[in-house]
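I have placed the structure first, in the form of structure tokens, so that the comments after it can refer back to it.
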Amino acid sequence: MKCPYCSYSESKVIDSRPTDEGERIRRRRECLKCQKRFTTYEIVETVPVIVIKKDKSREAFDRNKLLRGLLRACEKRPVSIEQLEAIVDEIENTLQNSLDREVPSSQIGAYAMEKLKKVDEVAYVRFASVYRQFRDVNSFMEELNKIIESKQE
């Protein structure tokens, strides 16, 4: 780390402690040349995940948008906000850990449906009806029949 006073490139860490609920590390440093002290902050660098929408436009992944969609699907259902936040956290972690920086919205929707199916089947069908844009009752019934068949196995 370069000294802000003399521009010497070597320093030693005197003190190190977490700040902002562990999101950053505050380090007190001392220049090895001029012995002046200075503070640096270390944070994890995140590269934004870009969502490719159905119309081929692109926007940054917005966890709040996903959470709002899940909340709508779970309205008046016995699903806690904590469960939904955990789902969003899992999806966000999956996206961040993938090597792809651009992800189709369909893939995010598929992740959400996979997680919702385990939590609440009614919420799953609600989410699927919007995500898959069911055109008629028959396509809706096909999805319901898949759920019924999977329960009988």
Side-chain angles (χ1 to χ4, degrees), residues 1-4 7-11 13 15-29 38-151 153:
M1 181 62 59
K2 193 170 167 181
C3 174
S7 298
Y8 190 67
S9 62
E10 298 292 321
S11 64
V13 175
D15 180 42
S16 187
R17 65 180 77 163
T19 61
D20 299 333
E21 297 176 6
E23 296 294 317
R24 300 188 319 169
I25 303 282
R26 176 184 183 270
R27 298 195 193 282
R28 284 296 290 162
R29 296 177 176 270
F38 57 99
T39 303
T40 60
Y41 291 90
E42 183 179 306
I43 61 169
V44 174
E45 181 179 46
T46 57
V47 178
V49 173
I50 303 299
V51 178
I52 305 169
K53 302 180 71 151
K54 289 178 186 173
D55 67 358
K56 304 296 182 210
S57 66
R58 287 166 163 71
E59 66 180 45
F61 173 75
D62 182 356
R63 65 175 283 119
N64 291 325
K65 190 173 182 180
L66 177 59
L67 183 59
R68 283 192 305 273
L70 293 173
L71 280 167
R72 260 184 258 121
C74 294
E75 200 168 295
K76 297 183 181 178
R77 298 296 306 154
V79 180
S80 71
I81 189 74
E82 289 80 18
Q83 287 174 295
L84 295 179
E85 286 176 341
I87 289 171
V88 173
D89 287 344
E90 288 174 31
I91 293 170
E92 188 173 28
N93 286 338
T94 300
L95 296 174
Q96 286 290 340
N97 291 333
S98 110
L99 298 176
D100 299 324
R101 292 294 103 204
E102 293 189 335
V103 180
S105 61
S106 58
Q107 187 174 358
I108 296 170
Y111 289 150
M113 287 188 353
E114 178 186 316
K115 304 284 184 193
L116 266 182
K117 194 173 196 176
K118 296 173 187 171
V119 173
D120 188 279
E121 289 174 344
V122 172
Y124 163 77
V125 172
R126 286 178 180 172
F127 190 89
S129 70
V130 173
Y131 167 70
R132 291 202 177 139
Q133 298 177 334
F134 293 147
R135 300 284 182 229
D136 55 23
V137 174
N138 290 333
S139 56
F140 194 78
M141 284 304 296
E142 286 174 22
E143 192 63 38
L144 291 175
N145 287 330
K146 286 180 193 174
I147 294 172
I148 292 167
E149 288 172 15
S150 70
K151 282 186 127 180
E153 292 174 356

Handout entry: For Q83 against V119, the heavy-atom pair lying closest together
Key = NE2-CG1, 3.9 Å

Problem - I108 side, atom CD1; K53 side, atom NZ - distance, nearest 0.5 Å - result: 10.0 Å

Fill in the blank from the handout: Heavy-atom nearest pair, K2 first then S7, reads CG-O, 3.5 Å

Problem - 4.5 Å side-chain heavy-atom contact, V103 and F61 - result: no

Handout entry: Note, R63 side chain near D89 side chain (heavy atom, < 4.5 Å)
Key = yes

Handout entry: R126 (side chain) donor-acceptor with E121 (main chain) under 3.5 angstrom
Key = no

Problem - Test applied, salt bridge (charged side-chain N to carboxylate O under 4.0 Å, His left out); reference residue, E42; option that passes from R27, R24, R29 - result: R27

Exercise for the section: Determine whether E85 and I81 make a side-chain contact, defined as any pair of heavy atoms from C-beta on separated by less than 4.5 Å. Expected result: yes

Problem - Nearest-0.5 Å distance that lies between atom OG1 in T94 and atom CD in E114 - result: 8.5 Å

Problem - Separation between OG of S105 and CZ of R58, rounded to the nearest 0.5 Å - result: 11.0 Å

Problem - Closest non-hydrogen atom pair, T19 against I25 - result: OG1-N, 4.5 Å

Practice task
Looking only at non-hydrogen atoms, find the nearest pair between D55 and S57 and report the distance.
Solution key: OD1-OG, 2.6 Å

Problem - pair L116-C74: side-chain heavy atoms closer than 4.5 Å - result: yes

Problem - Considering all heavy atoms, the nearest G69-F127 contact - result: O-CD1, 4.1 Å

Practice task
Considering non-hydrogen atoms only, spot the tightest contact between Q96 and R101 and give its length.
Solution key: O-NH2, 3.1 Å

Handout entry: NZ on K115 to CG on L84, rounded to 0.5 Å
Key = 13.0 Å

Fill in the blank from the handout: Between the CG atom in L70 and the CZ atom in R68, the distance rounded to the nearest 0.5 Å is 11.0 Å

